[in-house]
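Atoms considered below: every heavy atom in the structure, side chains included; atoms not considered: hydrogens, waters and symmetry mates. As the structure lists them, so they are numbered: ligands from 1, and atoms in each ligand from 1.
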Amino acid sequence: MSDNKTHDTCPFHPASAMDYLPLPSLRDLQLRRLQSIVSHACRNVRLFRQRMEERKLTPDHVRTLDDLSKLPFTVKTDLRDEYPLGLLAVPMTEVVRLHASSGTTGKPIVVAYTKDDIDVWSNVMLRSLASCGVHAGDVVQNSYGYGLFTGGLGAHYGAEALGATVVPTSGGNTARQIMVLKDFGVTAICCTPSYFLHLIERAAEEGIDICSLPIRIGVFGAEPWTDAMRDVIQTTTGIKAYDIYGLSEIIGPGVANECAQQHGLHVFEDHFYPEIIDPRTEQVLPDGEEGELVLTTLSKRAMPMIRYRTRDITCLFAEPCPCGRTLRRIRRINRRTDDMFIIRGVNVFPSQIETALLNVEGTLPHYQIILTRQHGLDEIEVQVEVTSAFFGDTIGALEKLQHRLSKAIENTIGIRAAVRLVKPQTIQRSEGKAKRVIDQRTL
Ligand code: DLL
C-alpha cells in the first residue's frame with residue numbers, strides 16, 4: 001500500500017459508545033426491544049399475527065432471546081405478496097419515507113420508515129462510517145445511487161450526522177465523479193466496489209494517480225466482493241477499503257460494518273438481532289457455523305421484520321474483536337443461497353471464480369461468467385480482462401495465461417471452464433451492482 005496516506009486513529013464519536021456496551025447490558029437491551037417489537041408487530045401486522053396464532057404463540061412467549069427461535073420466519077415473497085404496504089405497522093401519517101428495491105424479477109419490494117426509523121438508520125450509518133475511520137472534517141463523496149435505492153440516502157444521513165461534509169454525487173456521470181474526487185478534497189468515498197474499480201480505471205486514463213489524492217477511505221458494499229478484490233483496490237490506490245453490509249428489508253446499508261481490523265463485520269446488534277440457520281432444516285446453528293443469515297429488527301417501527309431470511313450466507317464470530325467492540329461479527333458475505341449456480345451437478349458461487357482469477361498475475365478485476373447449454377450439456381465460459389501489457393504479449397504467453405486461469409478455476413470449483421481473455425474495457429461496467437453471471441441456459 002502507498003505510504004502517501006495516513007491511516008491514523010480518529011476522534012471517538014459518542015454515538016459509537018453503543019458499539020462497546022458490556023454484553024449483559026446489550027443482551028438485556030436486545031430482549032426488551034425484542035419483546036416490544038414482537039408485541040407491536042403482532043398488534044399491527046395481520047400476516048405476522050396470523051402466523052403467531054397458527055403456532056399458538058403470543059408475544060408473552062418471548063421470555064428470553066432464545067425464544068426468538070420459536071417465532072415464524074419472514075421471507076422476501078411475503079413483501080412481494082403484500083405489495084406495496086401490507087406489512088406496514090403504523091398509520092401512513094407516521095411514515096416519512098418509502099424506498100424500494102427492484103430485485104431481479106417482478107414487482108419491487110417497498111419499505112417504509114417513521115421519523116424514528118430514519119434516526120436509527122442515521123445512527124447505524126454514523127457508527128458504520130466511524131468504524132471505518134471517517135470523522136467530522138472528512139469530505140465524503142457519496143456515489144451510491146440516490147433514489148428508491150437505499151444506498152445514497154442511507155450513507156448521506158449517516159455522514160451528515162457524523163459531521164462530515166457530504167458531496168452527493170449519486171451514481172453515474174463518471175467524468176464528473178473523477179472531477180469531484182480530484183478537486184473537492186475528497187477523503188472518503190462510498191460506492192459499490194465494482195464502480196470504484198471503474199473510477200480507478202477512468203482516473204488512470206486521465207493521468208490521475210489516486211495514490212496522490214487525499215482520499216484515504218472507501219466504504220464499499222451492496223454487492224459481494226472478495227479479499228482478492230480488496231487487495232487490488234488497496235494496492236492500486238493506497239486507500240483502506242472497508243466492507244459495509246445491509247439490505248432494504250432490514251433498513252438499507254448500516255446493518256453491519258468492518259472496523260479497522262478488516263476481519264468480519266460488526267452487526268449493530270442493538271438494532272438488528274442476527275441468527276444463522278441451516279437453510280434446509282431452518283434450525284438455528286451455533287456461532288461459527290456457516291448458514292443463512294436471519295435478521296430481526298429490534299427498533300424499526302414502520303415495518304418491523306421478524307426473523308427475516310436474507311439468503312446471504314455467512315457465519316457469526318462470537319470471539320471478541322481486538323478493536324474492543326462487543327458487537328458480534330459476521331464473516332464477509334460473498335455468497336447468497338440464490339446466486340449459486342449448478343453446473344454439471346457442481347454448486348458454484350461467482351466469488352469462488354473471482355478469487356481464482358485474481359490470484360493469477362495479469363488479470364484485471366473485471367469478469368463475467370456465461371452459462372450455456374449445448375447439446376444438453378452445461379458449459380461455463382469465464383471472460384476476464386487482462387492488462388494491456390499482457391494483451392500485447394505473444395500468442396504463446398496469452399495461451400499460457402489462459403491455461404493458468406483455467407487450472408486455477410478447476411482447482412477451486414472442480415470443473416473445467418473455458419476461459420476467454422478479453423482486452424481491458426471490454427466487459428460492461430456498472431454504476432451500481434455488477435452483474436457477474438449471465439445464464440443463457442434454457443431450462
Ligand atoms: O444493497 C443496501 C446497501 C447499500 C448495502 C449500500 C451496502 C451499501 P439491497 O439493494 O436491498 O440493499 O440489496 C441487499 O445486497 O442481501 C446482499 O445479498 C447484498 N449485499 C449488500 N451489501 C453487501 C456486502 C443494499 N457488503 C443485498 N457484501 C443483500 C455482499 C452485499 N453482499
**OP:** Can you sort out which atoms of ligand 1 are near Gly151, meaning under 4.0 Å from one of its heavy atoms?
**Re:** 4 (C), 6 (C)

**OP:** Any atoms of ligand 1 less than 4.0 Å from a non-hydrogen atom of Thr150? List them with their elements.
**Re:** 2 (C)

Original post:
For ligand 1, is there an N or O atom under 3.5 Å from any N or O atom of Trp225?
Top reply: no

Subject >> Per atom 28 (N) of ligand 1, closest listed option by heavy atom (Glu223, Lys76, Arg311) >> reply: Glu223

**OP:** Please verify whether a non-hydrogen atom of Arg332 lies at under 4.0 Å from ligand 1.
**Re:** no

Original post:
Hey, does the side chain of Thr187 reach the backbone of Arg216 with a donor-acceptor pair shorter than 3.5 angstrom?
Top reply: no

Subject >> Qualifying residue for salt bridge (Lys or Arg N to Asp or Glu O under 4.0 Å) with Glu275, from Lys70, Arg309, Arg307 >> reply: Arg307

**OP:** Could you check atom 13 (O) of ligand 1 against the protein and tell me its nearest heavy-atom contact, residue, atom and distance included?
**Re:** Lys433 NZ, 2.9 Å

**OP:** Starting from atom 30 (C) of ligand 1, find the nearest protein heavy-atom neighbour and note its residue, name and distance.
**Re:** Ile333 O, 3.0 Å

**OP:** Report yes if Thr310 has an N/O atom closer than 3.5 Å to an N/O atom of ligand 1; otherwise report no.
**Re:** no

**OP:** Say whether Arg336, considering both its backbone and side-chain N or O atoms, lies within less than 3.5 Å of an N or O atom on ligand 1.
**Re:** yes

Original post:
Is it true that the NZ or CZ of Arg328 lies under 6.0 Å from the centre of Tyr273's six-membered ring and within 45 degrees of the ring axis?
Top reply: yes

Original post:
Which atoms of ligand 1 have any heavy atom of Pro253 under 4.0 Å away?
Top reply: 2 (C), 3 (C), 4 (C), 5 (C), 6 (C), 7 (C), 8 (C)

Subject >> Partner set under salt bridge (charged side-chain N to carboxylate O under 4.0 Å, His left out) for Glu201, not counting sequence neighbours >> reply: Arg429

Subject >> Exercise: do Thr174 and Tyr195 side chains pair donor with acceptor under 3.5 Å >> reply: yes

Original post:
What residue and heavy atom of the protein are closest to atom 18 (O) of ligand 1, and at what distance?
Top reply: Asp312 OD1, 2.6 Å

**OP:** Looking only at protein heavy atoms, identify the closest one to atom 19 (C) of ligand 1 and say how far it is in Å.
**Re:** Ala222 O, 3.8 Å

Original post:
ring-ring contact (aromatic ring centres under 6.0 Å, His included) with Tyr308: which residues, sequence neighbours excluded?
Top reply: none

Original post:
Would a line drawn from the ring center of Tyr113 to the ring center of Trp121 be shorter than 6.0 Å?
Top reply: yes

Original post:
Judging by distance only, is a nitrogen or oxygen of Ile244 under 3.5 angstrom from one on ligand 1?
Top reply: yes

Original post:
Should the pair Arg97 and Tyr157 be classed as cation-pi, given the thresholds of under 6.0 Å to the six-membered ring centre and 45° from the axis?
Top reply: yes

Original post:
How about Gln440 and Arg373: do any of their side-chain heavy atoms sit closer than 4.5 Å?
Top reply: no

Subject >> Closest to atom 21 (C) of ligand 1 among Gly221, Gly246, Ser248 (heavy-atom distance) >> reply: Gly246

